[in-house]
Amino acid sequence: MRRFWGLVLGAAVFMGLAMPAEAQKRANTVRFGYDQVPENVDPYYNSVRIGVILGQQVWDTLIFRDPKTNEYRGQLATAWRWIDERTLELDLRQGVKFHNGEEFDADDVVFTLNYVSDPANKSVTQQNVSWIQRVDKIDKFKVRIVTRRPFPAAIEYLAGPIVIHPNEYYAQVGPRGMNEKPIGTGPYRVTEHQIGKQITLRRNPDYFRDSPKPQPTIESVVIRFIPDRQTQVAEMLAGGLDFIMNIAPDQATQMRAVPTLQIVSGETMRIAFLQMATSEQSPTPALRDVRVRRAINHAIDRQTMASQLVGPGSQVLNAICFRTQFGCDDSKATQFAYDPAKARQLLAEAGFPNGFELELHSYRERNQAEAMINYLRAVGIRATLRFGQYATFREQNRANRVGLAHQTWGSFSVNDTSASTSVFYKGVDDDTTRDPELIALLSRGDTVTDPELRKVAYRDALARISEQAFSVPLYSLVTFYAATKDLEFTPYPDEMPRFWEMRWR
Amino acid sequence: MLIYTLKRLGLAALVAFAVSALAFLLLRLSGDVAIAIAGEGARAEDIAMIRQQYGLDRPLLLQYLEWLGRTVTGDLGQSLYFKSPVVNLIGEKIGTTLILGLLSIGFALVVSIPLGVMAAIWQNSWVDRLCLAVAVVGQALPNFFFALCLIMVFAIGLRWLPVSGADGWENFVMPTIALGYYVTPPFMRLVRAGMIDVLASDYVRTARAKGLPSSTVVIKHALRNALVPVVALTAVQMGFLLGGSIVVETVFALDGLGYLAYQAISQKDFPVIQAVLMLLSVGYVGLTLAADLVNAWLDPRIRVA
C-alpha cells in the first residue's frame, strides 16, 4: 500500500498536479481533515484529540498556558491565589460575552464546574474534573474552587481541558444541545455542525481583545471527518483540503516531494516507554530481577530508533514524563547506554546465560515494537510480539497478564508530572510495579503545595524508577502535519492546531 | 409453493437468529467494551461504573436475550458513542447506502450484460478473453485498492471528480464504480454461460433459419431467456454490496451505513455494530429468500427438489 502511494505521489510531482488552494486563500478558509469523529463536541463529553482541538477554538479556559514559554496567564480569570491548600480563589474577567450574547460571570464558572464534576452527570473525562469538590461564588466576578484533596496541578487543569460554558444555555440544553449547537466564548463560533460529517467554524468578531489568544485572522475553518488516512492524503493532492495531521512517517517523506505542500514534523507530549511488571503477580518472573531489567535497558538502541523510526523532532527520554511537565527532572536518573554486550553479561549474572522467553504487548507504533523485538532477540531474549487493540491491551495489563508492555502516553496535554509518572507508578490501576517507596514519593509530589517540595519528590521518584530499571524510557513521539504551502502555522507538543494563530502567506 | 415458501421462511428466520447470536458473542469476546468506552487513562472505578451502567456485568446470555427482546420490538438501543438512538442513526444513513447499492447494481448490470453477450457471441475469441480478463481483474482486486486507483486517475490526475464527501451526485460516481465493479464478474459469467446455452438451443436455430436478423435473434430471443437467472443473482449480489459498502464508504467518506459501521467498530460501539450487522445479515437473508422464491416461481422443478 505504501508503495502504491509512493507511485501516486511520484505521479503527482511529475505531473505537477497538486495545485495551491488559491480559492481557499481568497476565501480565507482553512479546510482541515481529521479521521476521528467526536462523540459529542462538548469537551466534557468526548475523550478524543479532535475534541480537545475543538474545545480550544470554541471555548476558553480560566487560565492560559503560553505554548511557547509554558507560563500561565489570565484568560477568563485575571488573577488567582491559593487561600489554603485546598481552596483556590480566582478573579474573573469582565466584559466577556458568549457567542449567544450571554455575559460571562461567576455563575457560569460555578455552574459549569459543579455540573461536570458531579459524577451523576457522567462526564467522560472524569480524571480531568474529579479533583473538584465544589465551586462557590464570592461575588459576580470572584469564585472559589475547593478541591477534594491538596491538588497543586489544579492550575494546569484549569489551563487545559477545563473550559467554561454559559450557565443559562447549558442548564437549558445540556451536553446534547451543546453538541448540536455549541456556545462558548472562544475565538471561533460553530456555525454549522453536520454530526459525523463536518463542522464549520467562523471567526468570532466580538472575541475579547485582552485574550492571550490573539484575534484570529483566518475567517473560517471547515473540519471534515475523513476516516481513511490515504483519502486524506489524496484530498491534499487534489486540493480538497489545506491541512491534515498524524501522517505516517514514510508517507510524510514521500509527500515532501510535492512542491505545493509543506510537511512539518513536531514533537508531541506523547512519550513511549516499556513498562515492566515487577510485582509478585508478574507473569514474567525474570522481570523481578533488577539485572534482567537493566539488561533490557541496555539492549535497546533508543537513539537509532528515535532518529530512524520515529522521525525528526523525537527526543530520547531518561524518565517516564515529558520534559516540559512540571517536576519532570531526570538529573538524578540513571542512564543506560546501548550496550548489547553488557546486556548479555547482566543476563548471565541473573542466571539466564541462554536468555529466556518473553512476550512484548503493544497496541500502536507496530514497527517500533517489532524493532524492539529484534533488539531483545539480539541479546538472547526470545521475545514475541502480542499486538492488539488498546482496550484489550490495557485490560490484560491491569489484570497482570502482561510482563513487558509497550506503552505510549499523552498525559492529556497536562503539563505536570502528576499526569504522567504518577499514572503508572503511584499504586493505582496501571501500576504493575507497586513499589511502596515510589508510591510514597509520587503521592507526596501530587499533593504537597510547595512547588520546591514537589520537584524534589518527583526527581527522587524518577531517580528510583531508573535506578531500579522499572521501565525503559524510550522517546517522545512525533506528529507529521501536511499543509498547503501558503498556510503559516506552528506545531506544538500538545498536538493542538491553533487556527487563531494561522494565516495565509 | 406455499409449503416451500413456509419452509424457506423458517430457515431464513433460523439463519438470522444464528447470525445475531454469533455477532453478539463475537463482539463481547473481542475485548472489554467498558474500557473502550471509558477511553485512555480511565480509572478502574470509572470502568466499573460504566460496566454497571450499561449492564455489562450481567451474564452474557441474559444480555443477549434482553437485546433480542428489545430488537424484535424495534428498539435497537442507544449508541454508546453518539448517545442517540441507534434507530435514528440508521435512519439517517441508510438512504445513502441504498442509493449507492442500487447505483452499483445498475452499473454492474450495464457493464456485465453487454460484455457477457459479446463473450458468448464471440466465444473463445480475443473478445471473450478480454471480457474474461475484465472479470478476473474485478474479482482479484480488493475494492479499497481499486477505489484508490480511481481516486488517483479521476480526482488527482484528471480532477474531474471530488475525492470524498457526499455533497452531490458527483460524489457518488467513483464509489458506484468501485462497488459495482466488485460484483460485475459473477453477472458477466452468468450471462455468458446462459447465452452460450441459449444460442445453441433449437429455438434460436429455428429463429435464425427463419431469416431473422442476428441482432433480433440475440436480443429478443436469446438474451431474454439468458437473463432469467440474473434476476435471482441480483438479489444475492445486493447483499454482498451492503457488506462491501463498509470499505467503499470509508474510503470515500460517504456518510452511509457502511461508514457508520466503520466508526462503530473503531469505537467499539456495540449496539450500533450489532444493529448494522443484524440489518446487513437480515437484508442478505431476505434477499436470498426473495431470490429463491423467484427461482421457484420461475422453475417449478426447484419446489420439489
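Every chain is numbered from 1, with letters handed out A, B, ... down the list of sequences. Quantities reported herein were computed from a predicted structural model and do not represent experimental measurements.
- Rounded to the nearest 0.5 angstrom, A:E39 CD and B:S84 OG are separated by 11.5 Å.
- Here the closest heavy-atom approach between residue B:K93 and residue A:I195 is recorded as NZ-O, 4.3 Å.
- Looking at A:V37, the atoms closer than 4.5 Å to chain B (heavy atoms on both sides) sit in the backbone and in the side chain alike.
- When the candidates A:R176, A:K122, A:Q36, A:Q198 are compared by the number of heavy-atom contacts under 4.5 Å with chain B, A:K122 comes out ahead.
- Of the atoms belonging to A:P38, it is backbone heavy atoms, and not side-chain ones, that fall under 4.5 Å from chain B.
- Within the 4.5 angstrom heavy-atom criterion, no atom of A:R229 approaches chain B.
- B:T250 and A:D228 make their closest contact through O-CB, 3.9 Å (heavy atoms, listed as atom of the first residue, atom of the second, distance).
- For B:Y262, the part sitting under 4.5 Å from any heavy atom of chain A is the side chain, from C-beta outward, and nothing else.
- A:E235 contributes a side-chain N or O that, together with a main-chain N or O of B:S164, makes up a donor-acceptor pair within less than 3.5 Å.
- Taken to the nearest 0.5 Å, the NZ atom of A:K197 stands 9.0 Å off from the CG atom of B:L254.
- Closest non-hydrogen pair, A:L237 versus B:R159, comes out as O-NH2, 3.2 Å.
- Listed here is the closest heavy atom pair of A:A238 and B:A155: CB-O, 3.9 Å.
- Residues B:A253 and A:F225 approach most closely at CB-O, 4.1 Å, considering heavy atoms.
- A:T231 contributes a side-chain N or O that, together with a main-chain N or O of B:V251, makes up a donor-acceptor pair within less than 3.5 Å.
- Within a 6.0 Å radius of CD in B:Q52, other residues, nucleotides and ligands contribute 12 heavy atoms or fewer.
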Pair B:F252-A:I226, side chain to side chain contact (heavy atoms under 4.5 Å, CB included): steps then yes or no: CA-CA 8 Å; B:F252 292 102; A:I226 302 174; over 6 Å; no
